[in-house]
2 protein chains.
Amino acid sequence: MIDSQIEDIFIQTAGELAESVSLNRMVGQLYALLYIRPEPVSLNKMAEKLKISKGSASVNIRALETWNAVKKVWIQGSRKDFYTAEPDILKLVLERLDYGFTRRIALSKAKMDLIYSILNSKNEKASFYKERLKQLEELQNLVETFLKFLPKVRSLKNLKKIASVL
Amino acid sequence: MIDSQIEDIFIQTAGELAESVSLNRMVGQLYALLYIRPEPVSLNKMAEKLKISKGSASVNIRALETWNAVKKVWIQGSRKDFYTAEPDILKLVLERLDYGFTRRIALSKAKMDLIYSILNSKNEKASFYKERLKQLEELQNLVETFLKFLPKVRSLKNLKKIASVL
DNA sequence: TTATACGTTTATAACATTCTAAACATTCAA
DNA sequence: TTGAATGTTTAGAATGTTATAAACGTATAA
């Protein structure tokens with residue numbers, strides 16, 4: 001059947017992409033399956049289609065849920081959990097990027113504060129360290145500003161506006 | 001000695017950051033070591049400082065070399081290889097992002113072409129598939145345009161210009 | 001030539017991740 | 001109640017990744 005062939009290509013490709021960005025393959029495949037299906041799919045159906053255990057389906061679908069990549073939908077008269085994909089992939093990616101960078105910048109700032117306190121406590125000149133720290137702070141500021149503006153990059157039209165001022 | 005304490009914090013933090021983005025820890029540590037040292041460092045010195053085998057130092061420094069994150073410098077009268085860090089971290093990150101996205105978009109386009117050819121060969125309507133494929137193409141276009149403009153994001157001044165038109 | 005000082009490759013040990021099957025828990029219908 | 005239908009947790013097997021030590025290759029100095 002043609003549908004199944006197309007779905008298989010689609011799902012497998014998504015799995016490869018997920019792996020290539022250090023996500024679990026199943027997470028990519030589960031999302032892809034829901035993404036190309038117009039109707040909600042149950043956990044068992046997903047496990048069956050992807051030929052994975054229901055245990056795996058369970059934990060990976062919940063990972064997707066915590067990222068708001070899929071959501072549970074209630075279907076009258078059924079005891080099963082059904083899921084659908086959040087179709088706005090760009091939104092998902094931007095959310096993850098923002099979350100990831102924000103956390104990492106916070107960590108690295110804390111460590112830099114520690115280094116400054118060591119430098120100051122000893123009245124150290126250590127000018128090369130200070131130069132590098134300053135560079136890193138500039139990079140952090142740039143990334144933070146960039147993250148704030150990133151959500152607005154949602155259309156080619158906006159990008160063209162941007163291109164026109166640079 | 002104060003220098004060593006600061007270097008240790010710096011190097012360890014970089015290792016953690018590297019791991020958190022699925023890079024090898026040593027790669028982050030090696031880069032960090034070269035980044036906070038004003039002078040070139042030899043392979044053996046690096047292995048000694050980081051307490052890793054020279055084999056590991058060798059393979060990981062070469063990974064960094066292929067990304068242009070470090071470069072070999074010739075030092076007169078020495079048979080050793082010395083390395084320094086490329087200090088423009090933003091450039092490195094942008095290069096990697098561009099490379100990674102470009103490859104992945106090419107892969108996914110190829111798979112989408114395959115799906116289209118299947119749909120057409122059967123005169124399938126399959127409208128939901130087509131809707132999803134169209135969405136993905138729009139996302140690809142957006143990302144490609146974005147990648148072209150990304151290199152210009154190199155200063156807060158530019159970002160402020162951008163913010164002003166959105 | 002021989003010995004030394006390097007960098008690279010390789011085999012394997014240590015460790016981490018992924019996946020499953022089975023046990024378990026919960027809900028609901030009969 | 002019981003038991004069937006579901007989702008979750010867990011123990012362990014399979015697989016994948018990382019790091020090392022040792023073997024290896026190569027160049028150079030003596």
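Naming convention: chains lettered A, B, ... in sequence-line order (proteins, then strands); numbering from 1 in each chain.
Counting to the nearest Å, the C1' atom of dC6(C) and the NZ atom of Lys72(B) are 11 Å from each other. Distance Phe82(B) CZ to dG7(C) C1': 13 Å, rounded to the nearest Å.
The main-chain N or O of Ala32(A) is never found under 3.5 Å from a side-chain atom of Arg37(A) such that the two would form a donor-acceptor pair. Counting only distance, with no hydrogens or angles, the side chain of Arg25(B) and the backbone of Leu17(B) share no donor-acceptor pair below 3.5 Å. Tyr31(A) contributes a side-chain N or O that, together with a main-chain N or O of Glu86(A), makes up a donor-acceptor pair within less than 3.5 Å.
Here CZ of Phe149(B) is found 9.0 Å from CG of Asn158(B). Values are rounded to the nearest 0.5 Å.
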Nucleotide N/O to protein N/O under 3.5 Å, stretch nucleotides 25-30 of chain C:
residue	atom	partner	partner atom	Å
dT27(C)	O2	Arg79(A)	NH2	2.5

Please enumerate all protein N or O atoms sitting under 3.5 Å from an N or O of nucleotides 19-22 of chain C, with distances to 0.1 Å.
residue	atom	partner	partner atom	Å
dC19(C)	OP1	Arg25(A)	NH1	3.2
dC19(C)	OP1	Arg25(A)	NH2	3.2
dC19(C)	OP2	Asn24(A)	OD1	3.3
dC19(C)	OP2	Asn24(A)	ND2	3.1
dT20(C)	OP2	Ser53(A)	N	3.1
dT20(C)	OP2	Ser56(A)	OG	3.2

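Within residues 28-46 of chain B, the residues approached by DNA chain C to less than 4.0 Å at the level of any non-hydrogen atom are Leu43(B), Asn44(B), in residue-number order.
For residues 65-82 of chain A, the pairs satisfying salt bridge (charged side-chain N to carboxylate O under 4.0 Å, His left out) are Lys72(A)-Asp81(A), with sequence neighbours left out.
Taking the 5' to 3' direction, DNA chain D first and last meets chain A under 4.0 angstrom from a heavy atom at dA4(D) to dT9(D).
Tyr116(B) OH: more than 12 foreign heavy atoms inside a 6.0 Å radius. Sparse packing is recorded around NZ of Lys45(A), with 12 or fewer heavy atoms of other residues, nucleotides or ligands lying under 6.0 Å away. The number of heavy-atom neighbours closer than 6.0 Å to CZ of Phe82(A), taken from other residues, nucleotides and ligands shown, is above 12.
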Inset, instruction - Mind running side chain to side chain contact (heavy atoms under 4.5 Å, CB included) on Asp98(B) and Glu95(B) for me, showing each step along the way? - result: CA-CA 5 Å; Asp98(B) 186 58; Glu95(B) 275 174 14; 5.8 Å; no
Inset, instruction - Just do the side chain to side chain contact (heavy atoms under 4.5 Å, CB included) check on Thr84(A) and Val70(A) with the steps written out, would you? - result: CA-CA 6 Å; Thr84(A) 50; Val70(A) 305; over 6 Å; no
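Relative orientation of the Tyr35(B) and Phe10(B) rings is parallel, given thresholds of 30° and 60° on the angle between their planes.
With 3.5 Å as the limit, one finds a donor-acceptor pair spanning the side chains of Glu16(B) and Gln12(B).
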Using a 3.5 Å cut-off and no angle test, enumerate the donor-acceptor pairs between side-chain atoms of residues 50-58 of chain B and protein atoms at least two apart in sequence or in another chain.
residue	atom	partner	partner atom	Å
Ser53(B)	OG	Ser56(B)	N	3.1
Ser53(B)	OG	Ser56(B)	OG	3.2

